[in-house]
Amino acid sequence: MKRFTLEPIGSDSDELNGLTFAVKDIFDLEGQITGFGNPDWGKTHSAAKSTAPTVVSLLKSGATCIGKTVMDEMAYSINGENFHYGTPVNPVAPDRVPGGSSSGSAVAVGAKIVDFALGTDTGGSVRVPASYCGIYGIRPSHGVVSIDGVIPMAQSFDTVGWFARDARILKQVGRVLIQSDHESKGLSKFIVAEDCFKLLDSKSNQQLIGILVDSVRKLYGSDQMIKYVSIGEYIEENVPSLKRFMTIETCSNDYIPSSLRALSAAMRLLQKYEFKENHGEWVTDVKPSLGPGIAERVQDALKTTIDEDIDVCRTVKTELLAALSALLGDCGVLAIPTVPGPPPKLKTETTTLEGFRAKAFSLLSIAGVSGFCQVSIPLGIQDNLPISVSLLANHGSDWFLLNVVEAIHNVLNL
């Protein structure tokens, strides 16, 4: 982490008074070059002329920023290994990756260097490192938190998220950054996506579902609101545009619902196209040094061309938002695994991770494509490695979701 200090700058509120935070090196800070995880980016860009509004809001609420954190190059990975600057050490599993691309921010929180940290989440870059580092992480509803002053990766999916070690601080930060109604609503539906949990091994599958269901029973004293669904089947029936991507096989040897495979394919196609639109010219002109995995991903993105499938991807987004909104309503949550298993070991070959990545993106694409809010909740340690689950809620229901997460946190006494 690059250390410096930005003191509180105003008196909008004292919500975060006394708390410290760090920011991913994708946020503009006045007078500093935003590095974007790559030294060649830093060499070819000028210092920012202003500070990102999200950072300003935190400073005005009494928080102190103490530094910028390492990130994956150009935000194009979920591993957290940076070829140029090194890999932040996972505080709960030092021999495992910390998760990316907001790796440094997650590690700073998990290692108790700061109280909370800002990251960004396009394809999973807050949710994954939160899970791997055993902390809370939120991907807000798309468009709810300002992304001004943040280098874009793929704007159809880009969100500003944050990490904390407990649900109370996660919610405190939300009170500052979420510009929506803070009125409390009661939970009416708790939906478990059984097919998503089957992506885990049977031991983790049953344990995580059991922990969640028991917590809801303790909170509400009833099983009536608990429902079990096959979210893959529901999406296939209610998102007709996905048929365009059903033939794309991302991993033929692992059980992944075909609709979630297709959803992941649509998300990654649109992400590649928008990445090229944002950064293709710079990559072509500068020819930056890029680390293993990132280089191949970037070159693949540069080959993307505009065609009718890009419009279909956007239609999928619209249809999925409508379908999941109908399923959850304003007071329902959907429970899924955050990731399909424990963090991979450091320096695992990219080809070895293909199956794991396919499962991961099938899970991550549900909130990514719909624009729904999602919180990754740590559930402790299993076999010396962190485990987690995620709750999703309707677009714009971020405050409701934070309240539910806090209630479950209190019941579990985590």
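With 3.5 Å as the limit, one finds a donor-acceptor pair spanning the side chains of Ser125 and Ser101. Looking at Thr69 and Lys24, their side chains never bring a donor and an acceptor atom within 3.5 Å of each other. Neither side chain, Ser156 nor Lys317, offers a donor N or O lying under 3.5 Å from an acceptor on the other. With 3.5 Å as the limit, one finds no donor-acceptor pair spanning the side chains of Asp121 and Gln374.
The pair Asp214-Arg217 counts as a salt bridge, with a side-chain nitrogen and a carboxylate oxygen less than 4.0 angstrom apart. Using a 4.0 Å cut-off between a side-chain N of Lys or Arg and a carboxylate O of Asp or Glu, Glu274 and Arg314 qualify as a salt bridge.
His142 places none of its side-chain heavy atoms less than 4.5 Å from the side chain of Phe372. Side-chain contact check for Met246 versus Ser259: some heavy-atom pair is nearer than 4.5 Å.
In terms of heavy atoms, Phe400 sits closest to Gly332 at CE2-O, 3.6 Å. Scanning all heavy atoms of the two residues, the minimum distance from Ser388 to Pro378 falls at CB-CA, 4.2 Å.
Tested against Phe116 for a ring pair (Phe, Tyr, Trp, His ring centres under 6.0 Å), the candidates Phe21, Phe163, Trp162, Tyr136 yield a single pass: Phe21. Checked against Ile191 for a side chain to side chain contact (heavy atoms under 4.5 Å, CB included), the options Val333, Ile336, Leu327 give a single hit: Leu327. Considering Ile377, Ile138, Ile135 as possible partners of Leu170, the one that fulfils the side chain to side chain contact (heavy atoms under 4.5 Å, CB included) test is Ile138.
For the ring pair (Phe, Tyr, Trp, His ring centres under 6.0 Å) test, no residue two or more places apart in sequence or in another chain qualifies with Phe190. With sequence neighbours excluded, the residues that form a ring pair (Phe, Tyr, Trp, His ring centres under 6.0 Å) with Tyr76 are Phe275.
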